[in-house]
2 protein chains.
Amino acid sequence: MARPSRRDHLIETAITLFCEHGYHATGIDLLLDRAGVSKKTMYQHFRSKEELIYAALRQYDGVFRNNFMKAVEAAGKTPKEKLLAIFDVAHTWFNDNKFFGCMFINAIGEYSEKDSPIREISRQFKQLMWNYVAELAKEANVKEPEKLANELCLLLEGAIVTAQVSQKPEAAITAKEIGKKLIDDAMGE
Amino acid sequence: MARPSRRDHLIETAITLFCEHGYHATGIDLLLDRAGVSKKTMYQHFRSKEELIYAALRQYDGVFRNNFMKAVEAAGKTPKEKLLAIFDVAHTWFNDNKFFGCMFINAIGEYSEKDSPIREISRQFKQLMWNYVAELAKEANVKEPEKLANELCLLLEGAIVTAQVSQKPEAAITAKEIGKKLIDDAMGE
DNA sequence: TTATAAGTAAACCGATCTGTTTACTTATAA
DNA sequence: TTATAAGTAAACAGATCGGTTTACTTATAA
């Protein structure tokens with residue numbers, strides 16, 4: 001397997017640092033030092049720090065959703081089981097010692113400008129997560145799959161923030177229990 | 001009524017700017033310019049920027065919770081109504097054009113150091129909000145008031161983040177509907 | 001009136017920020 | 001072998017960062 005290109009390595013390093021320390025707090029110099037890449041090379045690949053942030057979020061968007069879906073598919077057989085597995089996967093995520101909340105939620109906190117690309121990609125990420133949940137809900141033949149997707153996604157967001165801020169990874173369990181009720185309701189008990 | 005002291009005015013300005021633009025992105029110079037206060041005066045009142053951040057969060061903690069509780073008390077008569085009113089108050093908050101999410105959630109995203117005072121006060125804020133919800137739940141004579149408080153607080157967090165990131169203030173309504181079910185369940189239908 | 005405290009404006013400090021440039025060093029492929 | 005592309009290290013630039021200091025100006029209260 002080919003070793004990752006400089007560009008990819010920069011993005012990987014960026015994801016790690018932005019996740020843990022945030023976006024403004026992470027300086028380019030530190031990032032380059034960590035990545036072992038020269039400044040010139042970085043600015044050959046990215047026009048600006050903001051473009052690197054954007055690329056990092058783009059990459060993370062794909063990787064995270066892919067891993068998430070794979071984990072969900074592996075953990076549940078039926079659509080209903082998969083819907084519930086969402087919260088088990090989240091629970092595992094929360095217990096990772098490198099869990100620093102959701103990169104996109106954190107990004108929005110630092111970039112409030114309405115039509116910023118960073119905001120846009122964050123909004124998109126949540127939309128794509130919603131699409132996946134809505135798809136599962138449709139497969140489960142629930143009455144109002146989109147409504148259920150709204151509900152389960154809201155629960156997931158709540159669990160993420162509660163795990164992050166209140167240091168309670170078990171929020172995933174609370175969310176799962178509520179989710180179970182909602183799913184049962186939606187499937188016409 | 002006495003005009004606010006310089007200290008209070010600085011804190012007010014700080015809250016506004018930190019809310020909208022975040023903590024690292026808000027420079028002291030801009031903040032002082034906005035507040036119309038000299039740098040020397042600021043550093044007479046606060047030892048550092050971080051101390052100002054801390055004071056701002058402290059102040060916001062008190063003001064926000066006070067306003068929140070008053071609004072909830074005004075909107076609901078019975079404990080159950082008050083529990084539901086939480087989400088109506090949140091809805092109003094989300095529709096404010098100066099809504100930039102929760103200051104404390106945003107703060108955590110920028111300060112990941114485990115025992116940072118900024119993290120601690122954020123955790124505390126969420127705890128105090130929980131305490132209030134748990135109190136209402138007890139007044140409502142539900143079976144497991146603490147469990148219900150966990151659930152409703154999780155819903156509130158989810159609604160906040162959904163309103164902020166996905167630009168959907170109506171997340172408050174979704175959360176309220178789920179909350180209603182949970183409350184009914186907990187009151188032994 | 002006058003000492004004192006609290007304020008302002010602005011220069012200043014060293015550090016750090018994002019971003020550019022220069023000079024040199026690899027690889028790689030024709 | 002040799003031209004080319006891609007890399008490094010480091011100096012540099014100008015702006016901005018948080019924070020200090022100086023000189024001057026108010027208020028206020030004894």
Side-chain angles (χ1 to χ4, degrees), chain A residues 1-58 106-107 109-113 116-119, chain B residues 1-59 106-107 109-113 116-119 121:
Chain A
M1 185 144 64
R3 67 166 187 204
S5 72
R6 249 91 175 174
R7 188 174 192 279
D8 291 343
H9 184 51
L10 277 170
I11 289 177
E12 276 311 301
T13 310
I15 289 173
T16 304
L17 291 176
F18 291 149
C19 253
E20 175 158 5
H21 302 291
Y23 301 86
H24 288 92
T26 301
I28 289 288
D29 288 341
L30 173 69
L31 197 157
L32 293 170
D33 196 57
R34 284 288 190 92
V37 168
S38 73
K39 212 176 228 186
K40 195 188 180 192
T41 298
M42 183 209 131
Y43 278 101
Q44 246 159 269
H45 287 293
F46 307 98
R47 289 188 193 167
S48 64
K49 180 186 180 181
E50 188 151 334
E51 210 169 84
L52 173 57
I53 294 175
Y54 186 80
L57 290 174
R58 261 234 160 290
N106 295 346
E110 295 200 47
Y111 297 89
S112 62
E113 212 174 313
S116 146
I118 291 173
R119 273 191 92 90
Chain B
M1 183 147 63
R3 66 161 184 207
S5 73
R6 249 88 175 174
R7 187 173 193 280
D8 292 342
H9 184 52
L10 277 170
I11 289 177
E12 277 310 302
T13 309
I15 290 174
T16 303
L17 291 176
F18 291 149
C19 254
E20 176 158 5
H21 301 290
Y23 301 86
H24 289 91
T26 302
I28 290 289
D29 288 341
L30 173 69
L31 198 156
L32 292 171
D33 196 57
R34 284 287 189 93
V37 169
S38 73
K39 215 176 225 189
K40 194 187 181 190
T41 299
M42 182 208 132
Y43 279 101
Q44 247 159 267
H45 288 294
F46 307 98
R47 289 187 193 167
S48 63
K49 181 187 179 180
E50 188 152 336
E51 208 168 86
L52 173 57
I53 293 175
Y54 186 80
L57 289 174
R58 261 234 159 292
Q59 171 77 5
N106 295 346
E110 293 199 48
Y111 297 90
S112 61
E113 213 173 314
S116 144
I118 290 173
R119 273 191 91 90
I121 199 176

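Values reported hereafter were calculated over all heavy atoms of this structure, with side chains retained and with hydrogens, waters and symmetry mates removed. Here the structure is a predicted model, which is why all the values come from computation and not from measurement. The sequence lines fix the lettering, A, B, ..., with proteins before strands; numbering per chain opens at 1.
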Report, one line per pair, each donor and acceptor closer than 3.5 Å where one atom sits in a side chain of residues 8-19 of chain A; sequence neighbours left out.
| from | atom 1 | to | atom 2 | distance (Å) |
| --- | --- | --- | --- | --- |
| A:Asp8 | OD2 | A:Ser5 | OG | 3.4 |
| A:His9 | NE2 | A:Ala35 | O | 3.0 |
| A:Thr13 | OG1 | A:His9 | O | 2.8 |
| A:Thr16 | OG1 | A:Glu12 | O | 3.1 |

Exercise for review: Please name all residues satisfying side chain to side chain contact (heavy atoms under 4.5 Å, CB included) with A:Tyr54, sequence neighbours left out, ordered by chain then number.
Suggested key: A:Arg58, A:Pro117, A:Ile121
Review point. What is the distance from atom CZ of B:Phe46 to atom CD1 of B:Ile53, rounded to the nearest 0.5 Å?
Key: 11.5 Å
Review point. Taking only side-chain nitrogens and oxygens of B:His45, does any of them come within less than 4.0 Å of OP1 or OP2 of C:dG7?
Key: yes
Practice item. Fit a plane to each ring of B:Tyr111 and B:Tyr23, take the angle between them on a 0 to 90° scale, and name the class: parallel (under 30°), tilted (30 to 60°) or perpendicular (over 60°). Key: perpendicular
Revision key, fill the gap. Dot-bracket assigned to DNA chain C with the 3.5 Å Watson-Crick/G-U criterion, [ ] for crossing and | for other-strand pairs, is ||||||||||||||||||||||||||||||
Review point. About how many Å separate CD of B:Glu110 and OG of B:Ser116, when rounded to the nearest 0.5 Å?
Key: 11.5 Å
Point to revise | Sequence neighbours excluded - side chain to side chain donor-acceptor pair (under 3.5 Å) pairs with any residue from residues 42-52 of chain B | key: none
**Study point:** Length of the line joining B:Leu17:CG and D:dG18:P, which is rounded to integer Å
**Key:** 12 Å
Review point. Listed by chain and number, what are the salt bridge (Lys or Arg N to Asp or Glu O under 4.0 Å) partners of B:Asp29, not counting sequence neighbours?
Key: B:Lys39
Review point. Nearest-Å distance, NE2 (A:His9) to P (D:dG7)?
Key: 13 Å
Review point. Could you state the interatomic distance from CZ (B:Arg119) to CG (B:Leu57), rounded to the nearest 0.5 Å?
Key: 13.0 Å
**Study point:** Sequence-aligned protein contact record of nucleotides 8-22 of chain C, with B where the base is within under 4.0 Å of a protein heavy atom and S where only the sugar-phosphate is
**Key:** BB--------BBBBB
